[in-house]
**Student:** 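Got a structure here, written out as structure tokens. Questions coming.
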Amino acid sequence: MTAGSAYSAAGVLPLRRDAGSRYGPWIVAAALFVVTLALAATMAIRNAEQGWRTALAGKISVQVPAPSGTGGEAVAEIVALLRATPAIADAEPVDPVVVRSLLEPWLGAGAEMEALPLPALIDVRLRPDAGMDIVALEVALDAAVPGTRIDDHGIRLAYVLRFALALQVFGVVVAAIFGLIATMTAIFATRAGLSSHREEIGILQAIGAGDGYIARQFVAHSANFSIKGGIVGCALAAGALILLGRYAPGGNAFMVPEMTLSPIQWIVLACLPPVATVIAMATARVTAMRALSRVI
Amino acid sequence: MRRPVVRISTVTMAEAFLTAETGVVRLEDVSLQYGSGPEVLRDVSLSLETGSFHFLTGPSGAGKTSLLRLLHLALRPTRGTVRLFDRDVSRLGRKHRPALRRRIGVVSQEFGLISHLTAAENVALPLRIAKANAGEIRENVTELLRWVGLGRELDELPEALSEGQKQRVAVARAVIARPDLLLADEPTGNVDENAAMRLIHLMEELNKVGTAVVFATHDESLVSRFGHPTHVLDGGELVRADPVEGMIGEHAEA
Ligand SMILES: Nc1ncnc2c1ncn2[C@@H]1O[C@H](COP(=O)(O)OP(=O)(O)OP(=O)(O)O)[C@@H](O)[C@H]1O
Ligand SMILES: [Mg+2]
């Protein structure tokens, strides 16, 4: 006697043998692979955002036009002016050698840079939350040394952050769409099962099975393929992320802060298969109960 | 013959006592139409007591199956009242249906076995639906299938069983949860006379344990060999009922 399956609550409807059931786990796996990657990317960008903020926020640089023949007087005047401004924490002229090295890639090594009227650069750190009026400062600096310009990293940061936000929204939308695909797998599997097993369902109803009992068959089936597909999809995505992490540029190359996930974020990603499974189960139940209540 | 130990029942003693007083089935001037078609049952009044055994006969198309489907809550009467277990079920909502159906066993001509489940699994279904525990289910199913002579076919799929064996599996499934009412629609249609006789004897055994039986067949010669009250349907009307004890109805003297 088959002790195990014969009398336990195992599948009364042969849902796992349905043709479509073979693809169910793979569709869920593919969908969850994308969901995991999209959410990982979203979280990584969110983490990076913090890096960009600390790297760029609170900093401006000031360009003083080439002091042709005037020595460092103009630069010194501007530095003094900046240091006297209460909202400014620090102002430091950048060594002209550094300025040249920064330009070298564009001008070519050995270009006659000595002869070029390169502007002098001053790095300025603002006091946090000082509420600096950049425009007013620029007017004042321009009055002191005509042609002095402020390069506000804050503006660049705003663009970067706006783009980062767009990427995050995009990531969430992609995750939502593929999450929906995973959910729809449960709807399709349930609908297909309901129609292909109409006869068995009729028999079960005839012997007193309620809608809840029949729906449970579909809930169990959806749970089965969702947990399988979810684990496979998530594991593949984790593998892809770890592999990708190896090629990520470290340090500050290209101002790309490290795109890493915190332990909590890894845990969030690991929760995707069970969460997807619960959603699939709920979806299967609602789908089955609604379909069953429509037959008289 | 040894009786199966079947302890699963939704009926309490009080309920059993109540149904004993008032009857299992009471039809009052019941008429039935399929959609806007003709009346396939017309002014049928019928009363079946707890633990009684009734035959329902009549020519093909007389309405036997339709009457049983009414009793099984698969159809609603167009007019009149259907009472089951002293409850008016004429307009019963579908969500109340499963609980009542668990008190009714059905055997149809097609047997309605689930093809991918073994004989034992098919018989176990009503108990599984009633959430009995696995050990209890195994014990009862094994015992009942042995009792109907299928002790060696427990793990066979329906396709591997003969018609007579399938029929016994269907009967076992119909009675495993000790229903108060057993509805059998032409269960002898596909089997030889010998098997048919055995089946009826089997149902009589169950009947002795307290299950009311309604056995529909167009085979009047089969019916005549047993002394049970017999109702004859023709053209949707109850034209004759052999007056045997256990039956009450206006047509009794017809
Ligand atoms: N689903 C249906 N829709 C419309 N008419 C039906 C339906 N089922 C049965 N009928 C009609 O109801 C009448 C009674 O049929 P029913 O099946 O109840 O008879 P029966 O006595 O069981 O016959 P048989 O001995 O052949 O099984 C017949 O005229 C039949 O055509
Ligand atoms: Mg019939």
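Note on naming: letters A, B, ... go to the chains in the order of the sequence lines (proteins, then strands), and numbering restarts at 1 for each one.
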**Student:** Please confirm whether the backbone N or O of Gln205(A) pairs with a side-chain atom of Arg101(B), one donor and one acceptor, at under 3.5 Å?
**Tutor:** yes

**Student:** How many angstroms lie between CG in Asn122(B) and CD1 in Ile207(A), if you round to the nearest 0.5 Å?
**Tutor:**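 So the gap between those two atoms works out to 8.0 Å.
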
**Student:** At what distance, to the nearest 0.5 angstrom, does CD1 of Ile203(A) lie from CG of Leu117(B)?
**Tutor:**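 Ile203(A) atom CD1 to Leu117(B) atom CG measures 9.0 Å (nearest 0.5 Å).
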
**Student:** Answer with side chain, backbone, both or neither: which region of His72(B) has an atom nearer than 4.5 Å to a non-hydrogen atom of chain A?
**Tutor:** side chain

**Student:** For Arg97(B) and Gly208(A), indicate whether the former's side chain and the latter's backbone hold a donor-acceptor pair under 3.5 Å.
**Tutor:**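 Absent.
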
**Student:** When rounded to the nearest 0.5 angstrom, what is the spacing between CD in Glu110(B) and CD in Glu199(A)?
**Tutor:** 9.0 Å

**Student:** Which is it for Leu204(A) and Ile114(B) under the side-chain contact (heavy atoms from CB on, under 4.5 Å) test, yes or no, and what are the steps along the way?
**Tutor:** CA-CA 9 Å; Leu204(A) 290 175; Ile114(B) 293 185; 4.1 Å; yes

**Student:** Less than 4.5 Å to any heavy atom of chain A: does that hold for the side chain of Leu113(B), its backbone, both, or neither?
**Tutor:**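 Leu113(B) touches chain A through backbone heavy atoms alone.
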
**Student:** Check whether more than 12 heavy atoms from other residues, nucleotides or ligands sit under 6.0 Å from atom CZ of Arg83(B), and answer yes or no.
**Tutor:** yes

**Student:** Between Gly212(A), Gly210(A), Ala206(A), which residue shows the highest count of heavy-atom pairs closer than 4.5 Å to chain B?
**Tutor:**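 Winner by heavy-atom pair count: Ala206(A).
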
**Student:** Heavy-atom pairs under 4.5 Å with chain A are the metric here; pick the option from Leu73(B), Leu100(B), Leu125(B), Ile104(B) that has the most.
**Tutor:**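 Top option by heavy-atom pairs under 4.5 Å: Leu125(B).
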
**Student:** Using a cut-off of under 4.5 Å on heavy-atom pairs, state which of Gly112(B), Ala174(B), Ser108(B) scores highest against chain A.
**Tutor:**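 Most heavy-atom pairs under 4.5 Å with chain A: Gly112(B).
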
**Student:** Taking NZ, NE, NH1 and NH2 as the nitrogens, is one of them in Lys95(B) or Asp211(A) under 4.0 Å from a carboxylate oxygen of the other?
**Tutor:**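 Here Lys95(B) does not pair with Asp211(A) in a salt bridge, since their nearest N and O are not under 4.0 Å apart.
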
**Student:** Considering all heavy atoms of both residues, which atom of Leu292(A) and which atom of Arg94(B) are nearest to each other, and what is their separation?
**Tutor:**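 Where Leu292(A) meets Arg94(B) most closely, the heavy atoms are O-NH2, 3.0 Å.
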
